[in-house]
> 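Below: one structure in structure tokens.
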Amino acid sequence: MGRIHRLKKNVEFQRIYRKGSYIATKALVAYVKPNNLKETRIGITVSKKYGKSVKRNRIRRLIIESYRLLKDKVKPGYDIVFVARKPDTYDTRLYNIHAMMSYILDKLNVLKRD
RNA sequence: CAUGCUGCGUAUUCUGUCGCCGGUCUUGUUAAAGACGGGAGGAAAGUCGGGGCAACACAGGGCACCAUACUUCCCAACAGGAAGGUUCUAAAGCUGGUAGAAACAGACAGUGCCACAGAAAAUAACCGUCACGAGUACUGCGUGAUAAGGGUGAAAACGUGGGGUAAGAGCCCACGGCAGGCUGUGGUGACACAGUUUGCGGGCAAACCUUAUGGGUUGAAAGGCCAAAUAUACCGGAAAGCUGUUGUUGACAACAGCAGAGAACGGCCCGUUCUUUUCCGGGGGGUAGGCCGAUUGAGCCAUGUAGUGAUACAUGGCCUGGAUAAAUGACAGAAAGCCGGUAAACAAUGUUUUCCGGACACAGAACCCCGCUUACGCGCAGCCCGGCAC
RNA sequence: CGGGGUGUAGCGCAGUCCGGUUAGCGCACCUGGUUUGGGACCAGGGGGUCGAUGGUUCGAAUCCAUUCACCCCGA
């Protein structure tokens, strides 16, 4: 249960960019850094080069939705920043984003082991 | 029927599951939870005009700069809108109507420019025509007059006819064209019509410019309020030292000695004041951050009245996004419309029906309005061009 | 949110203010010469919707309006 905690301060983003480890795929880049808190927080960055505001809003909502579906599997105590890469090179539907995010988070070792 | 343009309308709907952001109420110390009810557009876009709002500035006048430019009206205001005038275009000889377009003040205030071609591109004599003169008597020369004719050019010096002349010319006359002034009539006005008079050597002001009118500057990251951590002005209180040796990276500790920090007032002492260091308490400004600004407004809807119309007025009803790494969504399934394909009927490249397929146009409020411009799916109506069938 | 600039040949730039000859320059490319061959050098040549659309004008890369893309600055 509980809400999705969001990163909002620019300094937090800058700290994660500098200190965190990251993995990139065609659609998504994820930066991860432990935060010594009880919950995991996420931030989303979409560049202006991605497209106009309608496209940027849509990819951001899809990222939030994908994370919401994966939320119960993620270990607590991390800050994660997702960066959307350029479109038109991949399928922008939900199941695709979800699969890619699941792959990335597993690679970064922040998913719970069963 | 299709394309394009113009105008008007519209901007998918329903069900299920899971979510996001405000508001009101209840519970809760807080965090938060529950219930109820709401949550993108015609352009929210571009940021091109104009305002509201806010801070600062401001005696008066001039220059400079910027913007605007037919008339009247509407509007809070505008480079916006409505109605009208003039000119041009469709359009062909004229007239009338229709539709569309117009950055439609000024080129006898001044300066400047007009490539190439052409004799000449602006107060035009190259050829030609005419007169006179000289002589070497010629397809020639010189002086002067002359815009009727001359292959050009985007543009060539009012048009036609007649008179006139050495030859000519609005030089004169008739008819016509254009421009300005004056008078009259109609109109709020731009202007139109009629009369009269003066005059006819271009164009470019989206060249400089002139005239008239308007413009204070900066923008919500404006502006106002609250206010961590750290350092600290200032205020109050308390304490105070120096030297040497030993240990120690150092802070510091122990021992011994001197003395009661330093400066000023003063001959000296006491005393007073100031300075320096540390600690405690208070406290101003200000940073991170937060709150207000900020969602009730030139508001929307309906009806009526006035007006050709934009619009105004009256009455009644309604409250309708408020985020800030930024909510208004995701997935699944139906339905309508549309698009593409498919088959049949009918006179058609189409219509109607059957079946199949389709990540359904442009696009996301960021202080708020009014406009403009641009992007764009579908439906209806009108028009231009084109095609097909009867 | 506000302000400013750029767009011309494959690349880098002039020309735009003040409209008019065939839109030039360097590198690159092609052909020929030179050399045993290559480079360098010499001679010649090709290559442009002047970002797009519309307007003003006799005439537009240039002037005006709209629009597209990119870059920079302030906070």
Side-chain angles (χ1 to χ4, degrees):
Chain A
M1 275 305 291
R3 298 145 28 80
I4 295 175
H5 297 274
R6 300 286 297 275
L7 293 169
K8 295 186 175 180
K9 308 280 177 55
N10 192 32
V11 283
E12 296 171 337
F13 278 81
Q14 295 302 324
R15 190 177 64 238
I16 295 163
Y17 286 144
R18 283 201 307 271
K19 301 283 180 62
S21 54
Y22 68 95
I23 277 188
T25 63
K26 214 189 299 180
L28 272 180
V29 183
Y31 293 77
V32 171
K33 184 180 176 299
N35 64 356
N36 297 323
L37 294 175
K38 288 180 182 175
E39 66 270 355
T40 289
R41 302 181 296 178
I42 68 164
I44 299 168
T45 293
V46 185
S47 163
K48 220 171 194 176
K49 290 178 182 173
Y50 183 88
K52 298 195 175 183
S53 55
V54 172
K55 299 178 77 174
R56 296 201 303 268
N57 265 331
R58 176 167 169 84
I59 192 68
R60 185 171 45 74
R61 285 166 179 156
L62 286 172
I63 289 171
I64 292 173
E65 184 69 15
S66 300
Y67 177 77
R68 200 174 60 77
L69 296 172
L70 281 168
K71 198 168 97 61
D72 292 336
K73 296 183 184 173
V74 177
K75 296 183 198 171
Y78 288 95
D79 283 343
I80 308 173
V81 170
F82 296 104
V83 179
R85 305 190 83 181
K86 285 185 180 174
D88 306 326
T89 56
Y90 56 90
D91 195 356
T92 57
R93 274 178 290 188
L94 178 66
Y95 67 86
N96 194 29
I97 305 287
H98 178 261
M100 217 174 288
M101 182 181 287
S102 176
Y103 170 78
I104 292 178
L105 294 182
D106 185 52
K107 276 281 192 180
L108 286 166
N109 203 17
V110 294
L111 292 184
K112 292 175 184 168
R113 300 293 180 189
D114 291 337

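Labels below follow one simple rule: chain letters A, B, ... track the order of the sequence lines, proteins then strands, and each chain is numbered from 1.
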> Applying a 3.5 Å limit to both distances, which nucleotide forms a Watson-Crick or G-U wobble pair with B:rA55?
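Pairing partner: B:rU217.
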
> Could you check if the base of B:rG42 is syn or anti? Syn means the glycosidic torsion is within 90 degrees of 0.
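For B:rG42, whose glycosidic angle is within 90° of 0, the conformation is syn.
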
> Roughly how far apart, to the nearest Å, are B:rC70 and C:rA75 at atom P?
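It comes out at 44 Å once rounded to the nearest Å.
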
> Is it true that A:Leu94 and A:Ile104 fall in one hydrophobic cluster, defined by side-chain heavy atoms closer than 4.5 Å?
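They do not share one cluster, since no chain of ILVMFWY contacts under 4.5 Å joins A:Leu94 to A:Ile104.
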
> Whole Å only: how far is the CD1 atom of A:Ile16 from the C1' atom of B:rA325?
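Taking CD1 of A:Ile16 and C1' of B:rA325, I get 12 Å after rounding.
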
> What integer distance in Å separates A:Arg56:CZ from B:rA366:C1'?
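Value for this atom pair: 13 Å.
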
> Could you measure between the two C1' atoms, the one in B:rA55 and the one in B:rC21, and give it in whole Å?
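About 33 Å, rounded to a whole number of Å.
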
> Check whether A:Ile59 and A:Tyr103 end up in the same hydrophobic cluster, where Ile, Leu, Val, Met, Phe, Trp and Tyr are linked by side-chain heavy atoms less than 4.5 Å apart.
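Yes, same cluster.
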
> Got a sec, which residues hit side-chain contact (heavy atoms from CB on, under 4.5 Å) with A:Arg58, two or more places apart in sequence or on another chain?
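With neighbours one apart ignored, the set is A:Leu62.
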
> State the pairing partner of B:rC104; accept Watson-Crick or G-U wobble contacts with both distances under 3.5 Å, and report none otherwise.
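Pair assignment: B:rC104 / B:rG85.
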
> Which glycosidic conformation, syn or anti, is assigned to B:rU352 if syn requires a torsion within 90° of zero?
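Anti, since the glycosidic angle lies more than 90° from 0.
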
> Taking only residues at least two apart or on different chains, which pairs with a member in residues 56-84 of chain A satisfy ring-ring contact (aromatic ring centres under 6.0 Å, His included)?
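ring-ring contact (aromatic ring centres under 6.0 Å, His included) check on residues 56-84 of chain A returns no pairs.
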
> Once you round it to whole Å, what is the distance between P of B:rA325 and OH of A:Tyr17?
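About 14 Å, once rounded to whole Å.
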
> Would you mind pulling out the nucleotide paired to B:rG28, Watson-Crick or G-U wobble, both distances under 3.5 Å?
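Across all strands, not a single nucleotide pairs with B:rG28.
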
> If each of A:Ile44 and A:Leu69 is mapped to the nucleotide of RNA chain B with the nearest heavy atom, which maps nearer the 5' terminus, i.e. the 5' end?
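The answer here is A:Leu69.
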
> If you measure from the C1' atom in C:rC72 to the same atom in C:rU62, how many Å do you get, rounded?
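Their C1' atoms lie roughly 25 Å apart.
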
> Which whole-number value in Å describes the distance from A:Lys55 NZ to B:rC362 P?
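Distance, rounded to whole Å: 10 Å.
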
> If pairs are Watson-Crick or G-U with both distances under 3.5 Å, what is the dot-bracket string of RNA chain C, marking crossing pairs with [ ] and pairs to another strand with |?
((((((((.[[[[.)....(...]]]].(((((.......))))).....[[[[[..)....]]]]]))))))).

> For A:Asp72 and B:rC18, give me the distance from atom CG to atom C1', rounded to whole Å.
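A:Asp72 atom CG is separated from B:rC18 atom C1' by 12 Å.
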
> Find every protein N or O atom lying less than 3.5 Å from an N or O atom of nucleotides 328-332 of chain B, and list the pairs.
| from | atom 1 | to | atom 2 | distance (Å) |
| --- | --- | --- | --- | --- |
| B:rU328 | OP2 | A:Arg61 | NE | 2.8 |
| B:rU328 | OP2 | A:Arg61 | NH2 | 2.9 |
| B:rA330 | OP1 | A:Arg58 | NH1 | 2.9 |

> Does the distance from a Lys or Arg side-chain N to an Asp or Glu carboxylate O, for A:Arg41 and A:Asp79, drop under 4.0 Å?
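Result for this pair is yes, salt bridge flagged.
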
> Using the C1' atom as the reference point in each nucleotide, state the distance between B:rA82 and B:rA312 in Å, no decimals.
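So the two C1' atoms sit 14 Å from each other.
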
> Can you tell me the distance, in whole Å, between the CZ atom of A:Phe13 and the P atom of B:rU324?
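It is 14 Å, rounded to the nearest whole Å.
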
> Does any nucleotide pair with B:rG307 by Watson-Crick or G-U wobble geometry, both distances under 3.5 Å, and what is it?
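The base-pairing partner of B:rG307, which may sit in any strand shown, does not exist here.
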
> For B:rG50 versus B:rA83, give the span between their P atoms, rounded off to a whole number of Å.
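26 Å, rounded to whole Å.
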
> Distance check needed: B:rC20 P versus A:His5 NE2, whole Å only.
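The distance from NE2 of A:His5 to P of B:rC20 comes to 11 Å, rounded to the nearest Å.
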
> Mind checking the C1' distance from B:rU71 to B:rA190? Whole angstroms is fine.
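Here B:rU71 and B:rA190 have their C1' atoms 4 Å from each other.
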
> With heavy atoms under 4.0 Å as the rule, sort A:Thr45 into base, sugar-phosphate or nothing.
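Counting heavy atoms under 4.0 Å across all strands, the contact made by A:Thr45 includes a base.
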
> Specify the glycosidic conformation (syn or anti) of B:rG151, with syn defined as within 90° of 0.
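Base orientation: anti.
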
> Could you pull out all residues at least two apart from A:Ser53 that satisfy side-chain contact (heavy atoms from CB on, under 4.5 Å)?
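For A:Ser53, the residues satisfying side-chain contact (heavy atoms from CB on, under 4.5 Å) (neighbours in sequence not counted) are A:Arg56.
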
> Enter the distance from A:Ile64:CD1 to A:Ile97:CD1 here, rounded to the nearest 0.5 Å.
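The CD1 atom of A:Ile64 sits 12.5 Å away from the CD1 atom of A:Ile97.
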
> Taking all non-hydrogen atoms of both residues into account, name the closest pair between A:Gly20 and A:Lys33 and its distance.
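That would be CA-CB, 4.1 Å.
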
> Roughly how far, to the nearest 0.5 Å, is the CG atom of A:Asn57 from the CZ atom of A:Arg60?
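It comes to 4.5 Å.
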
> Under a 3.5 Å limit for both distances, which nucleotide forms a Watson-Crick or G-U wobble pair with B:rG161, could you say?
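Pairing partner, where one exists within any strand: B:rC173.
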
> Sort out the partner of B:rA45 for me: Watson-Crick or G-U wobble, both distances under 3.5 Å, none otherwise.
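Result: B:rU373.
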
> P atom, B:rG223 versus B:rG297: distance in rounded Å?
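Pairwise P distance, B:rG223 against B:rG297, rounds to 23 Å.
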
> Specify the glycosidic conformation (syn or anti) of B:rA261, with syn defined as within 90° of 0.
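Here the answer is anti: the torsion falls beyond 90° from 0.
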
> Taking only residues two or more places apart in sequence, or in another chain, which ones meet A:Arg68 in a salt bridge (charged side-chain N to carboxylate O under 4.0 Å, His left out)?
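Testing A:Arg68 for salt bridge (charged side-chain N to carboxylate O under 4.0 Å, His left out), a comparison that skips the adjacent residues, returns A:Glu65.
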
> Suppose you measure atom P in C:rC18 against the same atom in B:rC208; what distance do you get, rounded to whole Å?
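Going atom to atom, P in each nucleotide, I get 7 Å.
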
> Partner lookup for B:rC380, please. Criteria are Watson-Crick or G-U wobble with both distances under 3.5 angstrom; report none if nothing qualifies.
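Because both required distances fall under 3.5 Å, B:rC380 counts as paired with B:rG7.
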
> Counting Watson-Crick and G-U wobble pairs only, both distances under 3.5 Å, name the nucleotide matched with B:rC346, or none.
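By the stated definition (distances under 3.5 Å), B:rG350 pairs with B:rC346.
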
> How should the glycosidic conformation of B:rG170 be described, syn or anti, under the criterion that syn lies within 90° of 0?
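Here B:rG170 takes the syn form, which means its glycosidic angle is within 90° of 0.
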
> Distance check, rounded to the nearest 0.5 Å: A:Ile63 atom CD1 versus A:Ile42 atom CD1?
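Taking CD1 in A:Ile63 and CD1 in A:Ile42, the distance rounds to 8.5 Å.
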
> CE/A:Met100 to CG/A:Leu105 distance, rounded to the nearest 0.5 angstrom?
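With rounding to 0.5 Å, CE (A:Met100) is 12.5 Å from CG (A:Leu105).
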
